[in-house]
Amino acid sequence: MSAAPRIDAHLHVFARASERYPREVTGVCPAEREETVESLLEEMEANGVDRAVLTQMGGAEVAHHAYVRDCLAAHPDRFQGIGLIPADCADPEAHMDRLAGAGGFIGFRLGRLGGPADPLAPMDLRDYGTYRIWAHAARCDYVLWLYLRHADIYAAGHLVHAFPQVRVVFNHLGVCPGEGQFSWDEHGRPHVGAPNLYLLWHSIYRLSRYDNVSMMWSGHYAFSKNPYPYPDFADNARWLMRAFPGRLMWASDFPWIRRVPGYGRIVELLRAMVPEVGEADHASIMGGAAKRILRFPDRRG
Amino acid sequence: MSDTTAERRRRWEAEGYVAIEGAVGAAQLARLRAAFDRWSVDGRPQWLERVARGEASPTWFDIPEPHEKDEVFLELADHPSWFGLVCELAGDVTIAPMQARTVPCWPVSYTAWHPDRGDGGPRQVKVQVYVDDVPPGGGEFAYVPGSHRRHPETHYRPGRNEGTPGHLRLPGPAGTAILFDNRGLHTAMDNATDVPRRSVIFSYAERPPGGGDSDRFAAIADRLTTPARRRLFGLR
């Protein structure tokens with residue numbers, strides 16, 4: 001058995017909405033729904049996954065983070081957290097520090113960057129809506145977790161370039177959904193219609209030259225036109241392994257995949273999609289890269 | 001540049017590219033820039049909407065249907081500075097929709113090293129014409145001489161563009177035309193200036209036996225007034 005850690009680099013857990021654990025209620029996540037850390041741990045242990053990154057959902061206010069914060073506190077050697085920042089936050093630095101100071105939150109997920117609408121218009125980086133967030137992440141060594149709108153790709157390039165000390169993780173193959181591309185499928189999972197890989201080669205994937213940029217290998221269930229193991233993304237996987245050597249991180253996107261195709265099958269996806277993947281690449285993608293880049297501490301015992 | 005036709009042919013065969021400085025004269029360049037200025041403004045809102053919908057990249061902007069917009073684009077399509085050589089190299093050719101392209105300033109080039117195609121198929125020539133001066137480090141076209149004879153795989157190469165062995169950068173003044181064999185590895189280098197790179201890209205392909213005609217350019221049929229130009233654009 002390999003000693004390499006197996007780390008799920010991106011997933012979500014949440015509790016029923018309550019006074020203790022307030023969260024936003026949606027059609028997909030009604031108040032009574034819960035996807036608990038206990039159910040996640042069952043899946044992880046059944047499939048040999050050691051650790052994970054818990055990514056906040058259900059609201060960006062500090063109070064909304066209560067459940068993830070408690071999970072991080074209960075399992076400090078297993079989990080790290082990624083928080084959210086309210087779009088209208090007047091003091092993002094204080095918000096970031098407050099969550100990070102509570103322990104376990106190592107970074108923040110951004111869906112918008114607030115860059116210029118027109119790439120051909122004059123621009124000043126300091127006018128970007130998230131400039132202060134990037135600058136504070138640089139000062140405090142926070143990770144930025146990017147799942148962007150397509151319109152934010154241009155801004156992403158300039159910010160990545162301006163802040164080479166910020167560890168940046170593009171979520172879900174770097175896909176940046178365009179307006180109208182996101183929906184929920186019949187299994188209650190996110191679905192992004194027809195992401196254009198040609199455009200990714202000419203934008204997000206060009207940022208592979210920056211050593212501080214990593215890529216999350218996940219989300220195929222939401223993008224593929226084919227059933228598991230999503231063979232239409234096999235060439236993409238091979239290409240990403242070359243473009244992001246040592247910087248590609250497998251993630252399950254639990255709980256959306258829990259029933260279809262199932263957590264265990266997502267754990268096996270890399271070998272199922274790319275049978276020729278070598279042991280070293282496999283170990284890196286399945287946990288080695290996340291451990292090093294996100295600085296997971298060695299587990300006790 | 002004072003290359004003779006024979007020298008250009010030799011370079012094309014051996015290295016896969018020919019650069020012609022001063023291919024477009026000052027007056028025509030002025031008209032070309034005016035056309036870019038006007039139609040870039042006109043087409044931008046539509047581009048930005050497509051970017052927001054995930055249908056276009058924010059890393060380059062092409063004027064929609066430039067051949068319909070301004071006569072200067074038609075004049076360049078069969079420009080005497082290069083069209084004769086194109087026909088020598090590829091025979092009786094038809095033209096694909098041209099790209100009047102503006103590349104916004106971005107910290108890294110919008111494209112990686114790649115060939116457009118593998119071996120086989122009709123002979124093809126691509127021509128890139130600089131609208132403005134393109135200095136070194138200004139997003140200039142680059143090519144790996146001789147790579148057109150090695151038929152490399154057609155995927156995009158990851159990694160830094162400047163790291164590809166044996167590549168040749170081709171900066172040049174406005175009006176430079178670069179003919180290249182698109183089986184060879186080519187790219188745009190990073191643009192470290194604060195000036196977007198503007199160019200027009202023409203793609204010519206040898207007319208298939210007994211074919212090559214289509215309605216693709218029917219919208220400008222009344223402006224294609226010579227038999228040669230109608231033939232180039234695939235109109236009978």
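Residue numbers start from 1 in every chain, and the chains themselves are labelled A, B, ... in the order their sequence lines are given, proteins ahead of strands.
Your options are B/G159, B/A56, B/G54, and the one with the most heavy-atom pairs under 4.5 Å with chain A is B/G54. Ranked by non-hydrogen atom pairs under 4.5 Å with chain A, the options B/P45, B/S57, B/S40 are led by B/S57. The most heavy-atom pairs under 4.5 Å with chain B, out of A/A151, A/S203, A/A162, A/A117, come from A/S203. For chain A, the option among B/W106, B/Y156, B/W47 with the highest count of heavy-atom pairs below 4.5 Å is B/W106. For the set B/H155, B/E49, B/H114, B/R44, the count of heavy-atom pairs under 4.5 angstrom toward chain A peaks at B/R44. Top candidate by heavy-atom pairs under 4.5 Å with chain B, chosen from A/L207, A/V175, A/L240, is A/L207. Interface remark: of the candidates A/D152, A/N196, A/D118, A/L200, A/D118 forms the most heavy-atom pairs closer than 4.5 Å to chain B.
The distance from the CD1 atom of A/I204 to the CZ atom of A/F170 is 4.0 Å, given to the nearest 0.5 Å. In this structure, CZ in B/F217 is found 5.5 Å from CZ in B/F233, a value given to the nearest 0.5 Å. Between the CD atom of B/E140 and the CG atom of B/L170 there is a distance of 8.0 Å, given to the nearest 0.5 Å.
Taking the six-membered ring for Trp and thresholds of 30 and 60 degrees, A/H202 and B/Y110 have ring planes inclined between 30 and 60 degrees apart.
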- Item | side chain to side chain donor-acceptor pair (under 3.5 Å) assessment of A/N212 paired with A/R247 | CA-CA 9 Å; A/N212 57 316; A/R247 291 179 283 140; over 6 Å; no
- Between A/D281 and A/R242, is a salt bridge (charged side-chain N to carboxylate O under 4.0 Å, His left out) present by the stated rule, with each step listed? CA-CA 10 Å; A/D281 282 342; A/R242 293 177 58 192; over 6 Å; no
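With a threshold of 4.5 angstrom between heavy atoms, B/T102 approaches chain A through side-chain atoms but not through N, CA, C or O. No part of A/R149 comes within reach of chain B, as not one of its non-hydrogen atoms sits under 4.5 angstrom from that chain. With a 4.5 Å cut-off on non-hydrogen atoms, A/F244 does not touch chain B at all.
A/E24 is linked by a side chain to side chain contact (heavy atoms under 4.5 Å, CB included) to A/H64, counting only residues two or more places apart in sequence or in another chain.
Side-chain contact, B/E21 with B/T176: no donor N or O sits under 3.5 Å from an acceptor N or O. B/N161 and B/T187 share a side-chain donor-acceptor pair at under 3.5 Å.
Looking at B/R101 and B/D62, a side-chain N of the basic residue comes within less than 4.0 Å of a carboxylate O on the acidic one, giving a salt bridge.
Contact annotation for residues 218-238 of chain A against chain B (heavy-atom separation below 4.5 Å): no residues qualify.
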